[in-house]
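Shown next, in C-alpha cells, is the structure this report addresses.
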Amino acid sequence: MRRLLSLLLVLVVMLAACGSKQEESSNKDTHEVKHAMGTTKVPKDPKRVVVLTNEGTEAVVSMGVKPVGAANSYTGNPWYKHLEKKYKGIEPVGGESEINLEKIAKLKPDLIIGNKFRQEAQYKKLSEIAPTVFSNELRGDWKDNFSLYAKALNQEDKGKEVLSNYDKHVEKAKKEIGDKANSEVSMVRFMPGDVRIYHKDTFSGVILDELGIKRPKGQDKDDFAEKGVTKERMKAMDGDYIFYFTFQEDDKKVSQLEKEWINDPAFKDLEASKKGHVYKVDDAVWNTSGGVLSANMMIDDLKEKLSEK
C-alpha cells in the first residue's frame, strides 16, 4: 500500500513538472495583447494571419507580413486596383461586415485581426478558431489601429519604422506644398442615396490636418461628416479647392447622382469651380481603404493636384 502511495506521489509530481514546463514553453511562445475586447495571448511569431478589415490588411502588408486571408475590398475583384499586386496570393474571406467563418477556419490561422465596430458579434466564434485581436473603431486616425496590429504581430520595431517613414513623407510634402497649404480644401463624397461633406475625423481629413492644410469654416470640425446634404446646402461645399470621391460609381444611380451635382448650375457657380479647382479623386485611395499604403498614395495625389495651375 505504501509502495502504491509512493508511486502515485511520484506520478503527481512528474505530471505537475510536465505541466509547468508546458506552461513555461507556452509563455515563451506567446505574448499578451490588450485590445478592444480584452486581453488575448497570441503567438510571438504568427505564421498564418487572417485580417478582417481593409485598413488592417494594409497595415500588415506594409510590415512585410502577407496574410493567408483577408476581408474583401469594398470595390475590385476581390482587391482594390491600387493594391491588387501587393495582395496577390491572399485568400478573400468575405466583406468586412459579411465575413465567412467557414473560409477563415479552413485557412487554419494562428492569429486573427479584426475590428469591434465591424465584427463584435462574431468575436466569440472567431476566438474559437484562433487567438483574436480587435481594434475599436474605423474612422480617422488609422495610426492607433496600426500600432495595435504591430503589437499583435510582435512587429513593433517594424511598425515604428513604417510610421516614421510615413511621417517623413508628410514633412517632405508639407515643404513641397508650401503656401498652397493656406488654401481651404473641401471634401465631398457621393454614395448610394447620400451626399456627404467630410470633416476632420475622417481618413482624408486626418491627413489634410497632418499636412497643415486649411479647411472651410463649416468643415473645420473634429467630427465625421455632414450627411444627407441637399442642394440647398451646395454653398457649404465651397472652398479654394474641392476634392470629391464617389463610392460604388459603377452603380448607375450613384454615377447619375454625381453627374447631377457636378453639372448643377449652383455647383458650377462655386468659387472652386470658377477657378478650375474641382478634382475627382479615387474613393478607395482617399477614403475607403483607409490604411498606410493608401495614405502615402493620397499625399502624392494631393500634392500633384495642388501644384497644378
Side-chain angles (χ1 to χ4, degrees), residues 33-38 40 42-43 46-76 78-80 82-101 103-104 107 109-123 125-127 129-156 158-163 166 202-204 206-207 283-298:
V33 178
K34 290 183 180 179
H35 57 100
M37 302 300 290
T40 300
V42 304
K47 302 294 186 185
R48 300 185 62 80
V49 182
V50 169
V51 189
L52 304 180
T53 64
N54 290 181
E55 47 88 45
T57 306
E58 286 196 43
V60 170
V61 170
S62 76
M63 287 182 270
V65 176
K66 180 164 280 191
V68 293
N72 299 46
S73 299
Y74 277 97
T75 58
W79 312 121
Y80 295 118
H82 69 287
L83 296 171
E84 59 187 0
K85 287 183 180 178
K86 292 181 181 292
Y87 288 7
K88 189 176 180 181
I90 301 174
E91 185 71 24
V93 297
E96 287 186 357
S97 300
E98 295 118 9
I99 56 170
N100 188 316
L101 293 170
K103 278 188 176 181
I104 294 169
L107 290 171
D110 53 9
L111 174 63
I112 298 171
I113 294 174
N115 178 266
K116 182 178 180 180
F117 180 71
R118 285 281 189 260
Q119 296 118 9
E120 183 176 9
Q122 287 82 33
Y123 178 75
K125 290 181 179 178
L126 288 166
S127 296
I129 296 171
T132 301
V133 170
F134 271 13
S135 54
N136 191 41
E137 285 286 348
L138 288 171
R139 275 283 170 88
D141 199 348
W142 53 269
K143 288 183 180 180
D144 290 339
N145 290 357
F146 184 97
S147 297
L148 173 66
Y149 305 150
K151 184 172 179 60
L153 293 169
N154 200 26
Q155 293 277 354
E156 290 180 276
K158 181 62 177 177
K160 287 174 184 176
E161 180 188 330
V162 173
L163 291 183
Y166 170 78
T202 55
F203 179 67
S204 51
V206 167
I207 295 171
D283 181 85
V285 175
W286 282 63
N287 187 72
T288 313
S289 190
V292 64
L293 302 175
S294 296
N296 279 303
M297 292 180 193
M298 177 191 154

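In what follows, every heavy atom counts, from backbone to side chain, and hydrogens, waters and symmetry copies are set aside. Here the structure is a predicted model, which is why all the values come from computation and not from measurement.
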Pairwise distance [atom1]([X]) to [atom2]([Y]) - rounded to 0.5 angstrom:
{"X": "Glu161", "Y": "Gln155", "atom1": "CD", "atom2": "CD", "value": "10.0 Å"}
{"X": "Ile112", "Y": "Ser127", "atom1": "CD1", "atom2": "OG", "value": "7.5 Å"}
{"X": "Met298", "Y": "Trp286", "atom1": "CE", "atom2": "CH2", "value": "4.5 Å"}
{"X": "Phe134", "Y": "Met37", "atom1": "CZ", "atom2": "CE", "value": "6.5 Å"}
{"X": "Leu153", "Y": "Lys158", "atom1": "CG", "atom2": "NZ", "value": "12.5 Å"}

Requested in this report: Could you tell me whether a side-chain N or O of Ser289 sits under 3.5 Å from a main-chain N or O of Val285, the two making a donor and an acceptor?
Outcome: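 No, Ser289 side chain to Val285 backbone: no donor-acceptor pair under 3.5 Å.
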Query raised in the report: Is there a donor-acceptor pair closer than 3.5 Å between any side-chain N or O of Arg48 and the backbone N or O of Leu107?
Result: yes
Where [X] and [Y] come nearest, the two heavy atoms and their spacing:
{"X": "Asn72", "Y": "Trp79", "value": "CA-CZ3, 3.9 Å"}
{"X": "Pro67", "Y": "Val60", "value": "CG-CG1, 3.9 Å"}
{"X": "Gly114", "Y": "Leu52", "value": "CA-CB, 4.0 Å"}
{"X": "Tyr166", "Y": "Ala295", "value": "CE1-CB, 3.7 Å"}
{"X": "Tyr123", "Y": "His35", "value": "OH-CE1, 3.3 Å"}
{"X": "Ile129", "Y": "Leu101", "value": "CD1-O, 3.9 Å"}

For residues 87-98, dump all side-chain donor-acceptor pairs below 3.5 Å to protein atoms at least two apart in sequence or in another chain.
unit_1: Tyr87; atom_1: OH; unit_2: Glu58; atom_2: N; d: 3.4
unit_1: Glu96; atom_1: OE1; unit_2: Tyr74; atom_2: OH; d: 3.2
unit_1: Glu96; atom_1: OE1; unit_2: Arg118; atom_2: NE; d: 2.7
unit_1: Glu96; atom_1: OE2; unit_2: Asn54; atom_2: N; d: 2.7

Query raised in the report: What residue among Leu111, Thr40, Leu148 forms side-chain contact (heavy atoms from CB on, under 4.5 Å) with Val33?
Result: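 With Val33 as partner, Leu111, Thr40, Leu148 yield a single side-chain contact (heavy atoms from CB on, under 4.5 Å), made by Leu148.
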Query raised in the report: Sequence neighbours excluded, which residues qualify as ring-ring contact (aromatic ring centres under 6.0 Å, His included) partners of Tyr80?
Result: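 Partners of Tyr80 under the ring-ring contact (aromatic ring centres under 6.0 Å, His included) test: His82.
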Query raised in the report: Of all residues at least two apart in sequence or in a different chain, which pass the ring-ring contact (aromatic ring centres under 6.0 Å, His included) check with Tyr149?
Result: none
Compare all side-chain heavy atoms of [X] with those of [Y] and state whether any distance is below 4.5 angstrom.
{"X": "Ile104", "Y": "Pro109", "answer": "yes"}
{"X": "Ser147", "Y": "Leu163", "answer": "yes"}
{"X": "Thr53", "Y": "Asn145", "answer": "no"}
{"X": "Thr75", "Y": "Thr288", "answer": "no"}
{"X": "Met63", "Y": "Phe146", "answer": "yes"}

Please list, chain by chain and in numerical order, all residues satisfying salt bridge (charged side-chain N to carboxylate O under 4.0 Å, His left out) with [X], sequence neighbours excluded.
{"X": "Lys143", "value": "Asp167, Glu210"}
{"X": "Lys66", "value": "none"}
{"X": "Lys47", "value": "Asp45"}

